[in-house]
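Since this is a predicted model, take the numbers as computed values, not measurements. In the text below, chain A, chain B and the rest are named by the order of the sequence lines, each starting its count at 1.
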Amino acid sequence: MNNYHDKNRLLLFIYRELPEKEMQIVDAHLTECITCRKEFNLMQETINLHQKLPLETPLTEIIPNVLTLKQDAGSPKTRFLAWFEFPFSMQPRRWAIVSFCGLLMAVSLVVLFKQSSKHPTVTENTGSALFITQWQPPTDFLLISPGEVLLKTVPKLGESIININIIIPDYTN
Amino acid sequence: MVEPTDSELLTAYQLGDRRAFEKLFRRYEKPLFTFLVRLTGNRDDAADLFQGTWTRVVRNIGSYNEQGKFVKWLFTIAHHLCVDDIKKQKRWKIHFIERQNNIATDITNEVIDSEPLPDALLERKDLNDMIAQAVEHLSPEQREVFLLRQHSYLTFREIADMVDRPLNTVLSQMRLAILSIRKFLQEKMNE
């Protein structure tokens, strides 16, 4: 201990929270320094007075409530719910994880939604008999004409129609 | 007969021994309740927080894996619930009693009577009430540190960790709390 008059260190001495060697140093110092000894006595006396105060007893109706809690301790549902009930200020890491997962889910949903609302790409394959044109709103009707096999549907509420043109390869050439 | 340790009682309870939980509860019910009453200044609030603390202990006992002392865990839960509750109800400002001479801030500049308290004061029947009042007159931070050290069996380092302040700050607040209590008692004596 460099500063023998460190009053904060006296508190650690009173509560015996110093290493043994430092306890001996402080003890030796107190036998020599009147100022520090007075401070020590003053603090010790006040602490002892407070420690003599009688302890408070919980209200009798609380005790059975607490003792019956143990019956729910093992329930998986209770434990699951308790995970979210833990005081926020106590588990900031837990809440950071939950928030991050929530954010990740929200971003995933947005990306999926955007993917699904894209127009189907138009691909053309000269060898295939089918290509899909762009998505059309429900009010469109498909025409049937000779030589073409088309899908005819009656638009229903909320349903969209994809125009499907089936190309029949020209075998005459 | 040697009393079982907290670890032994916890392990027994986790294995299904309900009497172990009751023993653990009885061991800390009064210190915990006393801490809550003196911190909040209100028995009803303390009762709610007391029940809330034990509810969380029971619900999380399955995941408690003895990273520290059980009593530290218990008082940490209680302390955080208390802080959350007080912030929610904004009671710090209401409960901290304003004093005209502002003992808490001026105490370091005053010459405190370093003589022992007179016997006449120590023999007063209302001494306990005066000490309790003196604690109520502390600033919230000083009262928090003082009561944690007096009731929770935690070291100053553990308290500093819990309240998220440097160790020296916590020690200074404790020392100021003690001096404030002393000054309060001396003023009461002189009335």
Worked check of side chain to side chain contact (heavy atoms under 4.5 Å, CB included) between L10(A) and R175(B): CA-CA 9 Å; L10(A) 272 181; R175(B) 186 173 160 268; over 6 Å; no

Test log, rule side chain to side chain contact (heavy atoms under 4.5 Å, CB included), inputs N8(A) and L167(B): CA-CA 10 Å; N8(A) 283 348; L167(B) 175 61; over 6 Å; no

Quick one: what part of [X] sits under 4.5 Å from any heavy atom of chain A, side chain, backbone, both or neither?
| X | result |
| --- | --- |
| H79(B) | neither |
| L24(B) | neither |
| V135(B) | side chain |

Checking side-chain contact (heavy atoms from CB on, under 4.5 Å) between L53(A) and each of N128(B), D129(B), L127(B), which is the one that passes? N128(B)

Please find the pair of heavy atoms, one from P58(A) and one from K30(B), that lie closest to each other, and give the distance.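 Result for this residue pair: CD-CG, 4.5 Å.
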
Taking every non-hydrogen atom, the tightest pair across T57(A) and R43(B): O-NH2, 2.9 Å

From [atom1] ([X]) to [atom2] ([Y]), nearest 0.5 Å:
| X | Y | atom1 | atom2 | result |
| --- | --- | --- | --- | --- |
| L171(B) | Y15(A) | CG | OH | 10.5 Å |
| D6(A) | N168(B) | CG | CG | 7.0 Å |
| T46(A) | L185(B) | OG1 | CG | 7.5 Å |
| E56(A) | F35(B) | CD | CZ | 13.5 Å |
| I47(A) | I181(B) | CD1 | CD1 | 9.0 Å |
| I178(B) | L42(A) | CD1 | CG | 8.5 Å |

Side-chain donor or acceptor of T34(B) paired with backbone N/O of L55(A) under 3.5 Å: no

Does any N or O in the side chain of E17(A) come within less than 3.5 Å of the main-chain N or O of F156(B), such that one atom is a donor and the other an acceptor?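 Side chain of E17(A) to backbone of F156(B): a pair is present.
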
Would you mind reporting whether H151(B) and H50(A) have side-chain heavy atoms less than 4.5 Å apart? yes

Just checking I34(A): does its CD1 atom have more than 12 heavy atoms from other residues, nucleotides or ligands closer to it than 6.0 angstrom? no

Step through the shown structure and confirm whether more than 12 heavy atoms of other residues, nucleotides or ligands are within 6.0 Å of CZ on R157(B). no

Step by step, would you call M43(A) with R182(B) a side chain to side chain contact (heavy atoms under 4.5 Å, CB included)? CA-CA 9 Å; M43(A) 288 201 281; R182(B) 192 171 186 82; over 6 Å; no

